[in-house]
Every structure is written in structure tokens, then in C-alpha cells.
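I have placed the structure first, in the form of C-alpha cells, so that the comments after it can refer back to it.
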2 protein chains.
Amino acid sequence: MCDSSYDPAKCQTVSEMLARLGDKWTVLVIMMLADGPQRFSDLKRAVVGISQRMLTLTLRALERDGLVSRTVHPTVPPKVEYALTELGRSFGEPIKAMGGWVFRNHDLIQMARAEFDERNPPAGQKLVQLG
Amino acid sequence: MCDSSYDPAKCQTVSEMLARLGDKWTVLVIMMLADGPQRFSDLKRAVVGISQRMLTLTLRALERDGLVSRTVHPTVPPKVEYALTELGRSFGEPIKAMGGWVFRNHDLIQMARAEFDERNPPAGQKLVQLG
DNA sequence: CAGTATCCCGGACGATACTG
DNA sequence: CAGTATCGTCCGGGATACTG
């Protein structure tokens with residue numbers, strides 16, 4: 001990926017986007033917006049557990065990267081609508097690729113984890129086995 | 001992705017894998033291992049800037065998820081080899097999908113950022129414009 | 001309603017030292 | 001060599017209060 005036609009700048013962008021995807025809220029917000037434009041308060045309500053602060057920061061980051069558009073309706077009270085841009089919608093592809101892979105391999109992953117946790121005692125505990 | 005055939009457990013695994021991908025080192029380690037099995041110290045040297053601690057933690061996490069295998073050669077001094085499993089190699093697909101998307105849209109992203117940063121003053125600074 | 005500002009805590013991570 | 005243990009720092013992010 002970053003091996004062929006190596007471009008440090010682009011590789012850094014890859015890291016940045018991965019880091020963004022990796023945070024707790026971004027994907028959830030994108031998924032909500034995939035259903036269509038949403039107001040700030042709608043998102044706040046839909047994305048359970050997100051704080052006002054984090055919703056703002058998440059949306060700002062997505063807006064900055066051009067994945068989300070922000071349109072202010074100068075009414076009173078204010079009304080701000082967020083929507084996925086064309087770029088934002090196309091971003092669904094790689095996300096779906098990730099999601100698809102996990103779904104296909106979910107059982108293998110869980111089995112691997114169970115096996116690992118069995119081999120590696122979860123915490124300091126005596127192996128009570130036959131005494 | 002998580003909309004159709006909704007399964008909370010699988011969706012959580014998706015989040016977990018995304019979070020893993022999002023951290024600073026995981027992808028770099030996977031890319032190194034894509035070239036073939038590597039010893040601990042080789043990885044340490046190859047992944048510039050990673051601490052011993054973080055390399056260990058990263059490898060443990062990947063091992064637990066079944067993406068990486070760890071084989072100890074009981075020699076002296078010790079020799080431990082890490083390698084991608086079949087599952088680990090298949091994980092390259094969605095990663096490549098992400099990377100491909102970013103590469104294709106790199107310029108759009110950069111332009112969006114530049115535009116955003118122009119509209120939104122980077123920090124509190126006077127707009128020195130025509131005085 | 002849709003934010004921004006401030007405070008504050010827990011966890012992530014680097015640095016360092018020690019061990020089989 | 002390949003770790004584990006311990007310590008200290010930094011900052012991500014939640015809670016709360018205030019504003020246009």
C-alpha cells in the first residue's frame with residue numbers, strides 16, 4: 001500500500017485517517033449521517049453517550065477533511081445541518097470493507113482470543129488444578 | 001454494515017478492530033510482518049520510534065486476535081519469531097482498501113483541509129487585511 | 001439550539017531499570 | 001535477546017457552566 005509508489009505525505013494521511021476511524025465516535029457519527037442529513041441535536045441524541053464537546057470535535061474533524069458538510073440556517077433558534085459529502089459517502093466503501101472482513105472472521109477472532117486468554121492467565125491467579 | 005443483520009457482538013468487534021488499527025503502531029508492525037517473519041529485535045529496529053513496551057503490547061494484542069503467531073526458539077540467547085497468520089494476511093485486504101481510498105482521494109482531502117483552515121483561522125489571530 | 005470555555009481525572013505511553 | 005516492572009507525564013475526553 002505504502003510500499004509501491006511510496007509517498008510519505010500520502011502515507012501520513014493514511015495514518016491520520018486510520019487514527020480518526022479508530023477513535024470512539026467518528027464511525028458512529030458517519031453511520032448516522034449515512035441515513036441522511038442530521039441536525040446537531042439529532043446526532044447528539046442518536047449517538048448515545050457522546051458528549052457535546054466530542055460531537056463538536058468529531059464533526060469539525062470530519063468537516064475539515066471534507067467528509068461532512070455543515071450548513072447553518074440563520075433562523076432563531078439556530079438550525080445546523082450536517083451531511084455526508086460525496087467524498088464522505090465514498091468513504092463508506094473502505095469502512096464497509098473493514099466491517100465485512102470482521103463479520104466474516106468474527107468467529108475466528110473470538111476463538112483466537114479465548115484460546116489466548118486460556119494460555120495466558122488473565123491476571124495473577126493460582127492455577128487451582130488438582131491441588 | 002452493522003445495519004443489516006444487526007449483531008451487537010460483531011459490531012463491537014468491528015469497533016475494537018478499528019480502534020486497534022487506529023493506534024500509532026499496529027499498522028506499521030503488520031506492514032513489517034507482511035515482508036515475512038521477524039524477530040522481536042528486528043521489529044524494534046524497523047519500526048522507528050517504538051518503545052520496547054509498546055512493541056510488546058502491540059504484538060500481544062495482535063497475537064490475541066489471532067493475526068500474528070509467536071514462536072519461541074528455546075536457544076540461548078532466546079529467539080522469538082513473529083509472523084502473520086493466515087488470518088493476519090487476509091487482514092491486509094481491508095487495510096489496503098483504506099489505503100487505496102486515501103491515495104485516490106488524497107488531493108481532495110488536502111484541498112478540503114486547506115480550505116477549511118482558511119475559513120477557520122488556525123488560532124486567535126488578527127485578520128491583518130488592508131488595515 | 002448549537003455551540004465555546006474551563007476544570008479535572010484516568011489511562012495511554014515513554015523512559016528506565018531489572019530478569020531468565 | 002526478549003521481555004516484565006515501575007514510575008512519571010501528558011492529554012483525551014467527560015462534566016459542567018456560560019453565550020449568541
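FYI, side chains are in, hydrogens and waters are out, and symmetry mates aren't considered; it's all heavy atoms of this structure.
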> Mind checking what makes salt bridge (charged side-chain N to carboxylate O under 4.0 Å, His left out) contact with B:R45, not counting sequence neighbours?
Replying inline: B:D42
> Can A:F103 be reached from A:I109 by stepping across I, L, V, M, F, W or Y side chains whose heavy atoms are under 4.5 Å apart?
Replying inline: yes
> Would a distance-only check, ignoring hydrogens and angles, find a side-chain to backbone donor-acceptor pair under 3.5 Å from B:W101 to A:I95?
Replying inline: no
> Which residues pass the side chain to side chain donor-acceptor pair (under 3.5 Å) test with A:R89, sequence neighbours left out?
Replying inline: A:E86
>> On a heavy-atom basis, which atom in B:M17 and which in B:L67 lie closest, and how many Å separate them?
In response: CE-CD1, 3.9 Å
> A:W25: what forms a side chain to side chain donor-acceptor pair (under 3.5 Å) with it, not counting sequence neighbours?
Replying inline: none
> Near DNA chain D, which residues from residues 67-74 of chain A have a heavy atom under 4.0 Å away?
Replying inline: none
> Which residues within residues 38-65 of chain A lie with some heavy atom under 4.0 Å of an atom in DNA chain D?
Replying inline: A:S51, A:R53, A:M54
> Based on Watson-Crick and G-U pairs with both distances under 3.5 Å, what dot-bracket line describes DNA chain C 5' to 3', crossing pairs as [ ] and inter-strand pairs as |?
Replying inline: ||||||||||||||||||||
>> Using the side chain to side chain donor-acceptor pair (under 3.5 Å) criterion, which residues pair with B:S51? Sequence neighbours excluded.
In response: none
> Which residues satisfy the salt bridge (charged side-chain N to carboxylate O under 4.0 Å, His left out) test with B:R104, sequence neighbours excluded?
Replying inline: none
> In terms of the nearest nucleotide of DNA chain D, which residue is placed more toward the 5' end: A:D23 or A:P78?
Replying inline: A:D23
> Got a sec, which pairs hit side chain to side chain donor-acceptor pair (under 3.5 Å) with one end in residues 13-23 of chain B, sequence neighbours left out?
Replying inline: A:H106-B:T13, A:Q110-B:T13, A:R113-B:E16, B:Q12-B:E16, B:D23-B:T26
> Can you name the residues that form a salt bridge (charged side-chain N to carboxylate O under 4.0 Å, His left out) with A:E115, not counting sequence neighbours?
Replying inline: A:R119
> So, for B:L43 and B:M32, which heavy atoms are closest and what is the spacing to 0.1 Å?
Replying inline: CD2-CB, 3.8 Å
> Can you get from B:V14 to A:M111 by hopping between Ile, Leu, Val, Met, Phe, Trp and Tyr side chains that sit under 4.5 Å apart?
Replying inline: no
>> Need two values: the first and the last nucleotide of DNA chain C, 5' to 3', having an atom under 4.0 Å from any heavy-atom of chain A.
In response: C:dC1 to C:dT4
> Is any side-chain nitrogen or oxygen of A:W25 closer than 4.0 Å to OP1 or OP2 of D:dG12?
Replying inline: no
> Can you name the salt bridge (charged side-chain N to carboxylate O under 4.0 Å, His left out) partners of B:E81, sequence neighbours left out?
Replying inline: none
